[in-house]
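Remember, predicted model here, so these are calculated numbers, not experimental data. For ligands, and for the atoms within them, numbers begin at 1 and follow the listed sequence.
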Amino acid sequence: MEKELITVIVPCYNEEEVLPLFRTEILRVAKEMSEKNPGLEFEFLFIDDGSKDGTLDILRKYSAEDKRFRYISFSRNFGKEAGMLAGMEHSKGDYVVIMDADLQHPPSFLPEMYGYVSSGEYDCASTQRTSRKGEPKLLSFFARSFYKVINKISQTHIAESTSDFRFMTRQMVDAILSMQEYNRFSKGIFSWVGFRTKYIEYENVERAAGKTTWSFWKLLLYSFEGITAFSTAPLYLAVIMGIIFLLLAVAMTVKTLVCGEEMWGTPLIVTLICLVGGIQLFCMGVLGQYLAKTYMEVKGRPKYIIGETNETYKKRKDI
Ligand code: UDP
Ligand code: MG
């Protein structure tokens, strides 16, 4: 029987409450899958994203108990995007799974996902929420608007309500790793690389324990990140508005010349100054955003820094 390895990547930030539940559940599913498919093996790669609680201690314990459990601990919090990247870069599997620690990405989906991907029909299996139940109304509204806007202005289609819960082939992971950009927006990257993806529909599940780190503002900023990373359309705004105002100026000049009368009252001038000034500042802001992104890319800083792994920890302990 040919051996196949599945790497399960789990980004963790302050997840001490939920990790024991996650381990029980993932081990149950892994056992079930290995029994059904002899030759199927697992490795669990946890990325501790600079947690301030006992997450790292728990991960040390897990990896000491079971060789299949590995971990990488960042020197500080770098964000989930960096966690997923580090996981993929250090994954050894023929297949790679990315899932949250909080059981909002139920491990019970893995057998079905494995079925789709191992059949060769798909390169990736993911989940798509059928409803936004339990989510604040305002957030749903903004989320929907975000997908509408980005799909209008970006060439990369980003499907709505998809998650970072992914079951991928090694080919797809290597393709993702070939995209070494600093400003990472995974939803866009997953689409950009292409490949055949199967979306499994599911109802949203609440967090098993602990609390989310995403606030409304963080999500809003993340959506701007997505737009600037995958579209340059906002830059055209400046051009379009510039043209509109140019035409307006020409029309007004013609009208003054033809009518030959005084039509530039002070209020009109003040209004125009404010309007044009506002638009200019807005356009400069948009330009600035792209410049800022370019600046970060050019600096070429590492996307994460590893503070400790199960291997370095073991070596230090052995000495
Ligand atoms: N996470 C992370 N780094 C962060 C924030 C979150 O690695 O800075 C992890 C977190 O531990 C979880 C996953 O990313 O496994 C999703 O986070 P969360 O549940 O807070 O987000 P939500 O499900 O509310 O979108
Ligand atoms: Mg969650």
> Asp102 heavy atoms, cut-off 4.0 Å: which ligand 1 atoms fall inside?
Replying inline: 19 (O), 23 (O)
> Does NZ or CZ of Arg144 fall inside the cone over Phe146's six-membered ring, less than 6.0 Å from its centre and within 45° of the axis?
Replying inline: no
>> Give the atom numbers and elements of ligand 1 that come within less than 4.0 Å of a heavy atom of Asp49.
In response: 2 (C), 3 (N), 4 (C), 7 (O), 8 (O)
> Of all the non-hydrogen atoms in the protein, which one sits nearest to atom 21 (O) of ligand 1, and at what distance?
Replying inline: Trp214 CD1, 3.0 Å
>> Return the closest protein heavy atom for atom 7 (O) of ligand 1 as residue, atom name and distance.
In response: Pro11 CB, 3.4 Å
>> With heavy-atom distances below 4.0 Å as the criterion, list the atoms of ligand 1 near Asn77.
In response: 4 (C), 8 (O)
> Any idea which of His105, Lys80, Glu81 brings a heavy atom closest to atom 14 (O) of ligand 1?
Replying inline: Lys80
>> Give the atom numbers and elements of ligand 1 that come within less than 4.0 Å of a heavy atom of Gly79.
In response: 3 (N), 8 (O)
>> Please tell me whether Phe44 and Tyr71 form a close aromatic pair, meaning their ring centres lie under 6.0 Å apart.
In response: no
> Around Tyr290, counting heavy atoms of other residues, nucleotides and ligands shown, do more than 12 lie under 6.0 Å from its OH?
Replying inline: yes
> With the Mg ion (ligand 2) as the point of reference, which N/O/S atom of Asp102 is the closest?
Replying inline: OD2
> If you measure from each non-hydrogen atom of Glu15 to ligand 1, which part falls under 4.0 Å: side chain, backbone, both or neither?
Replying inline: side chain
>> Only heavy atoms of Cys12, strictly under 4.0 Å: list the atoms of ligand 1 that pass.
In response: 7 (O), 11 (O)
>> Does the plane of the ring in Tyr95 sit parallel, tilted or perpendicular to the ring in Phe167? Use 30° and 60° as the thresholds.
In response: tilted
> Please state which protein non-hydrogen atom is closest to atom 23 (O) of ligand 1 and give its distance, to 0.1 Å?
Replying inline: Gln104 OE1, 2.7 Å
>> Would you say the rings of Tyr62 and Phe69 are close, in the sense that their centroids are separated by under 6.0 Å?
In response: yes
> Regarding Lys52 and Tyr13, is there a side-chain donor-to-acceptor distance under 3.5 Å anywhere?
Replying inline: yes
